[in-house]
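Order of listing sets the numbers, starting from 1, for every ligand and every atom in it. One is the number of the first residue; the rest follow in order along the sequence.
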Amino acid sequence: MPMSLEFKERLSTVVQDALAAFGTPFHIYDETGIIQTCQALNKAFTPIDGFKEYFAVKGLPNPTVMALLKAQGFGFDCASVPEIVLARKVGSNAEEIMFTSNNTTREQLKTAMDQGGCIINLDDITLIAKLPAIPDLLCFRYNPGATRQGNAIIGKPEEAKYGLTRDQIFSAYGQALDLGVKRFGLHTMMASNELNYQYMIDTADMLLELAEDVSQALDIRFEFINIGGGLGIPYKPDDRAFNLEGMAGGIIEAFEAFKAKNGWIPRLYMESARFITGPHGALVTSVINHKNTYRDYVGVDASMSALMRPGVYGAYHHIHIHGKPESAPLKTVDVVGALCENNDKFAIQRQLPETREGDILIIHDTGAHGHAMGFNYNGQLRPKELLLKTDGSIELIRRAETMDDYFATLDFKPQTITPGHP
Ligand SMILES: *Cc1c(COP(=O)(O)O)cnc(C)c1O
């Protein structure tokens, strides 16, 4: 079931006012729903000492939302230097920021470790030599290869570019130990939009086993394991909700068994984005055209620049029309944006109530990997972001892009070189 009925209800009562004040298109995020999910996650894992969620910034890199998440005790998983800058901007300290990059440069590692630092999570054994200094705490990303099945979106681990092999994991921690690293973490990220919670339990089991093997081989202990993100959300009306309690129960059991056997226990870190904010965002867009050719098209004022998932992955995002009863007569349509790119469709051959120009379409589940993925191809500008707060007010938390933003990279000092003439 996409978008909660509560959010649908809250949005429905304010959408006309939001429209009047801000105009479409916009993404709107539901503070109430986000906080509820944060609290549910923290509650589910309270039996594990030192549980911490590091929200994957790439899902929703908006400082206002990030500040909200931080207030719920979350840290941030960052894949780039600008994401680290955002995490620092909302007041996160070094231990609250995890730098999970791949194909990383020396310069990026240096910037990450300077200015307060963060937890460095290396994606490859060769990166140890590229660290500007030896950190106190170091983490590596494990790729289990053929020993684990991948999930539908990420694919097979052995074909994924991320992480170290099992053999490399042992030598990497050995090298780190020799170099003077004192604290250790172990990370993996295997799934994307996975609704089967057993997969996440298997991932925790896998990391605990590896942590045990490495700690015995090298006589070290792990301060934490990070099982990554990838918890799914129900995008389709028939999808079941992710069973958070089921997952937590299995993982808590695995941690208790580990403690009974080893006498110590690592902390548990996770780094979801989609599960935390995905269902709590919607893209609100107005119908501007109808076109009837070989198919019937509903043209809206948002395009792929606002939401790429349908175009890139063929992803399903549920749509309802504001104020139209579910019982209205249905029509099969494609819902399209304005790009000269035939992928620019929010829905393909979808049954929707008949619309008129000016009707408001609510596209569900855009709270993660929505606005953030938008691009400027075809001169399409990215829309604004709003926050529907717990007190019922609506705050603009990012303005829409302007033409000046689009042209900003054309403002530079002219420079021409003639090769061969230094
Ligand atoms: C994208 C990403 C995440 C978050 O993925 P979700 O599917 O949104 O939970 C977490 N960790 C890393 C390393 C990622 O690249």
Please set out all donor-acceptor pairs under 3.5 angstrom arising from side-chain atoms of residues 338-345, sequence neighbours excluded.
{"residue": "E341", "atom": "OE2", "partner": "N343", "partner atom": "N", "Å": "3.2"}
{"residue": "D344", "atom": "OD1", "partner": "M304", "partner atom": "N", "Å": "2.8"}
{"residue": "D344", "atom": "OD2", "partner": "A338", "partner atom": "N", "Å": "3.0"}
{"residue": "D344", "atom": "OD2", "partner": "L339", "partner atom": "N", "Å": "2.7"}
{"residue": "K345", "atom": "NZ", "partner": "D334", "partner atom": "OD2", "Å": "2.9"}

Give the table of side-chain donor-acceptor pairs shorter than 3.5 Å for residues 38-49, with sequence neighbours excluded, one pair per line with atom names and distance.
{"residue": "N42", "atom": "ND2", "partner": "Q72", "partner atom": "O", "Å": "2.9"}
{"residue": "T46", "atom": "OG1", "partner": "K43", "partner atom": "O", "Å": "2.6"}

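The proximity of H187 to ligand 1, defined as any non-hydrogen pair under 4.0 Å, does not occur for either the backbone or the side chain. When heavy-atom distances to ligand 1 are checked against a 4.0 Å cut-off, A273 comes that close through both its backbone and its side chain.
The cationic atom of R382 (NZ for Lys, CZ for Arg) does not lie both less than 6.0 Å from the six-membered ring centre of Y406 and within 45° of the ring axis.
Taking atom 5 (O) of ligand 1 as the reference point, the nearest protein heavy-atom neighbour is M189 CE, 3.6 Å. Protein heavy atom in closest approach to atom 11 (N) of ligand 1: E271 OE2, 2.6 Å.
Of the N or O atoms in G229, none lie within a sub-3.5 Å distance of an N or O in ligand 1. Taking any N or O of T100, backbone or side chain, none lies under 3.5 Å from an N or O belonging to ligand 1. The N/O atoms of K58, backbone and side chain alike, include one that comes under 3.5 Å of an N/O atom in ligand 1. In terms of polar-atom proximity, N193 is not counted as a contact of ligand 1, lacking any N or O under 3.5 Å from an N or O of the ligand. The distance criterion of under 3.5 Å between nitrogen or oxygen atoms is not met by R141 with respect to ligand 1.
For ligand 1, the atoms closer than 4.0 angstrom to any heavy atom of A56 are 3 (C), 4 (C), 10 (C). Counting the atoms of ligand 1 from 1 in the order shown, those under 4.0 Å from a heavy atom of R274 are 6 (P), 7 (O), 8 (O), 9 (O). The ligand atoms of ligand 1 that sit less than 4.0 angstrom from a heavy atom of H369 are 6 (P), 8 (O). Distances below 4.0 Å separate heavy atoms of D77 from the following atoms of ligand 1: 11 (N), 12 (C), 13 (C).
A salt bridge does not link R148 with E158: every distance from a Lys NZ or Arg NE/NH1/NH2 to an Asp or Glu carboxylate oxygen is 4.0 Å or more. Of the charged side-chain nitrogens involved, at least one lies within less than 4.0 Å of a carboxylate oxygen, so that D213 and R166 count as a salt-bridged pair.
Annotation: Q149, atom CD; neighbour count of heavy atoms from other residues, nucleotides and ligands within 6.0 Å does not exceed 12.
Proximity of the aromatic rings of H27 and H371 is defined here by a centroid distance below 6.0 angstrom, and this criterion is met. In this structure, F222 has its ring center closer than 6.0 angstrom to the ring center of Y173. Proximity of the aromatic rings of F140 and H187 is defined here by a centroid distance below 6.0 angstrom, and this criterion is not met.
Using a non-hydrogen distance threshold of 4.0 Å, G230 registers as a contact of ligand 1.
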